[in-house]
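Read the structure below first, then the notes.
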There are 4 protein chains.
Amino acid sequence: MKTPIGKRLWVIPEGYLPPDAPGKSRAMQSHEAACVLNAGETDAHLRLTLYFADRPPAGPYLVTVPAQRTLHLRFNDLHDPAPVPPGADYSSVIQSDVPVVVQHTRLDSRGDRLALMTTLAYGAD
Amino acid sequence: MKTPIGKRLWVIPEGYLPPDAPGKSRAMQSHEAACVLNAGETDAHLRLTLYFADRPPAGPYLVTVPAQRTLHLRFNDLHDPAPVPPGADYSSVIQSDVPVVVQHTRLDSRGDRLALMTTLAYGAD
Amino acid sequence: MKTPIGKRLWVIPEGYLPPDAPGKSRAMQSHEAACVLNAGETDAHLRLTLYFADRPPAGPYLVTVPAQRTLHLRFNDLHDPAPVPPGADYSSVIQSDVPVVVQHTRLDSRGDRLALMTTLAYGAD
Amino acid sequence: MKTPIGKRLWVIPEGYLPPDAPGKSRAMQSHEAACVLNAGETDAHLRLTLYFADRPPAGPYLVTVPAQRTLHLRFNDLHDPAPVPPGADYSSVIQSDVPVVVQHTRLDSRGDRLALMTTLAYGAD
């Protein structure tokens with residue numbers, strides 16, 4: 001597996017952090033994640049840009065995924081340059097300096113219920 | 001990110017609006033959405049056509065996604081030329097004059113339950 | 001939209017009919033579907049083959065999707081040459097004589113719960 | 001269907017085994033699966049490698065999918081060289097000596113709830 005796997009540009013059109021009650025465990029709290037695999041030999045430096053319905057894009061958010069590691073990046077955890085507002089529609093574009101593969105997942109546990117959804121992101125070159 | 005990202009033709013074969021009880025909040029009401037990211041510098045003009053199991057296609061539905069914005073378009077909100085009937089199987093084809101990326105999501109909250117599903121749409125050129 | 005949209009060969013690796021209690025409405029009964037859009041001007045004739053974990057493939061199952069129509073085909077409804085056994089792992093391959101687009105969806109309502117999942121099928125040419 | 005269908009390299013960036021209570025039936029126990037269809041005439045020999053957030057990759061896990069069969073491989077069932085730890089983020093890369101098609105599914109039944117998610121894996125050549 002010498003050739004790096006994946007693409008350098010990924011898009012997740014769907015984005016929404018369900019407004020959730022506080023006090024839940026991290027595992028069960030409503031969240032949205034971009035799961036990024038960097039199977040290559042070089043660290044991946046990601047630049048995330050968030051797009052909204054009614055205001056200019058935000059970013060870049062800078063994230064590193066070490067070589068041969070995975071990062072399940074929660075959008076809830078992004079704070080710099082600004083946190084992602086719960087309850088707002090957004091989209092994300094992820095640019096990487098080396099090939100990676102990205103999958104989008106949401107866990108929604110509002111009202112003690114449980115729903116999951118996932119899809120590969122849209123990869124471009 | 002100078003090159004527009006995405007494709008001009010997208011297909012969502014699955015479509016179904018769960019017949020839901022009235023009175024829920026907009027966030028928790030059963031719905032189906034086409035999440036469209038227009039990351040480019042030009043407004044995107046979309047033409048939606050809906051296909052059914054037992055009657056001719058309906059449309060076009062005309063929708064604009066401004067430059068550098070996202071639109072989480074709910075099929076429940078389409079009214080012109082005709083609303084989408086709840087409880088009926090349908091598919092949708094989305095044509096855009098500039099490249100966009102489309103993801104399909106359904107939230108089903110019938111009977112106070114909660115289920116989610118999502119997938120990238122099928123992009124063609 | 002003169003060119004037919006889609007591909008002629010589709011694969012759904014995941015297949016499983018949740019064994020469900022009888023007496024539910026058709027809408028709420030656990031089921032698995034291949035949602036097929038035929039946006040073209042010619043009827044699509046499909047041949048489905050089912051693959052199992054522990055026995056030879058079954059089929060072909062013959063299904064027609066009329067021109068400019070969608071078919072949300074429930075695997076639960078397949079009977080000829082043989083019904084799909086609930087509770088067994090399977091995969092499906094769908095061949096069409098004209099281009100179509102296929103999305104896979106499962107609704108699981110065991111024990112009065114509700115879960116959904118969906119993905120585009122794998123399209124080949 | 002003489003040409004083998006699929007690709008030889010597949011990536012699933014998302015991976016997480018929900019820590020679940022013991023004593024559930026196999027069907028209802030939280031699990032994560034890679035559903036692999038080998039529609040070809042030759043057995044497929046798979047090599048799985050797991051990537052983690054904070055330690056080196058694990059593997060290879062060796063699995064065979066017989067010709068013209070499907071395998072819904074549960075990550076919970078992998079034991080050699082080491083079991084997959086519940087509650088940890090991981091990703092998987094699947095290499096096959098013949099073309100196959102791979103779909104990722106998770107069933108999460110924590111607390112007697114039920115959530116499902118699925119997506120095609122990312123196929124490369």
Side-chain angles (χ1 to χ4, degrees), chain A residues 1-7 10 12 14 24-28 30-41 44 46 63-74 77 94 96 99-123 125, chain D residues 7-20 30-34 47-60 84-96 102-125:
Chain A
M1 218 184 308
K2 288 293 157 64
T3 323
I5 306 171
K7 296 180 182 289
W10 293 88
I12 306 172
E14 167 68 288
K24 294 181 180 176
S25 70
R26 181 170 168 85
M28 288 303 292
S30 291
H31 63 270
E32 194 154 53
C35 301
V36 183
L37 173 62
N38 176 12
E41 306 284 337
L46 311 183
V63 178
T64 298
V65 186
Q68 301 207 293
R69 295 293 185 274
T70 186
L71 176 66
H72 293 202
L73 174 67
R74 291 196 184 190
D77 291 340
I94 301 173
S96 174
V100 295
V101 185
V102 179
Q103 184 173 344
H104 169 235
T105 298
R106 183 187 300 160
L107 182 149
D108 189 337
S109 60
R110 283 176 285 180
D112 203 40
R113 287 169 287 199
L114 183 62
L116 288 171
M117 65 181 202
T118 197
T119 184
L120 275 186
Y122 174 81
D125 269 326
Chain D
K7 297 179 182 288
R8 289 184 175 80
L9 180 62
W10 292 89
V11 179
I12 305 172
E14 166 70 287
Y16 179 82
L17 297 182
D20 204 356
S30 291
H31 64 269
E32 193 153 56
R47 290 170 58 94
L48 278 75
T49 306
L50 303 186
Y51 292 82
F52 299 96
D54 54 4
R55 76 194 105 147
V84 183
D89 295 338
Y90 67 95
S91 297
S92 52
V93 171
I94 301 173
Q95 293 173 285
S96 174
V102 178
Q103 184 173 343
H104 168 236
T105 298
R106 183 188 300 160
L107 182 149
D108 188 336
S109 61
R110 283 177 284 180
D112 203 40
R113 286 169 289 198
L114 183 63
L116 288 172
M117 66 181 201
T118 197
T119 185
L120 275 186
Y122 174 81
D125 269 327

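Each chain gets a letter, A, B and so on, in the order its sequence line appears, and its residues count up from 1. In this text, all values refer to a predicted model and were calculated from it rather than measured experimentally.
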Under 3.5 Å: donor-acceptor pair, side chain of D:Thr119, backbone of A:Leu120: yes

Closest non-hydrogen atom pair, D:Pro13 against A:Thr70: O-OG1, 3.9 Å

Minimal non-hydrogen separation, D:Pro57 against A:Arg69, with atom names: CD-NH1, 4.1 Å

Under 4.5 Å from any heavy atom of chain A - which part of D:Tyr16: side chain

Best-contacting candidate, A:Gln68, A:Met28, A:Met117, A:His104, against chain D by heavy atom pairs under 4.5 angstrom: A:Gln68

Contacting region of A:Leu71 [heavy-atom separation from chain D under 4.5 Å]: neither

Segment of D:Pro56 engaging chain A (4.5 angstrom heavy-atom cut-off): both

D:Leu114 versus chain A, the contacting section by heavy-atom distance below 4.5 Å: backbone

Expected output: side-chain A:Arg113 to main-chain D:Arg113 donor-acceptor under 3.5 Å: no

Interface residue of largest heavy-atom contact number with chain D, from A:Asn38, A:Val65, A:Leu37, under 4.5 Å: A:Leu37

Residue part contacting chain D, namely of A:Asp108, when any heavy atom lies under 4.5 Å: neither

Under 4.5 Å from a heavy atom of chain D, the part of A:Val100 involved: neither

Chain D contact via A:Ala115 - side chain, backbone, both or neither, heavy atoms under 4.5 Å: backbone

Euclidean distance, A:Ile5 CD1 relative to D:Gln95 CD, rounded to 0.5 Å: 7.0 Å

Derivation of the side chain to side chain contact (heavy atoms under 4.5 Å, CB included) call for A:Gln103 and D:Tyr122: CA-CA 9 Å; A:Gln103 184 173 344; D:Tyr122 174 81; over 6 Å; no

Stepwise side chain to side chain contact (heavy atoms under 4.5 Å, CB included) check, D:Glu14 with A:His72: CA-CA 7 Å; D:Glu14 166 70 287; A:His72 293 202; 3.1 Å; yes

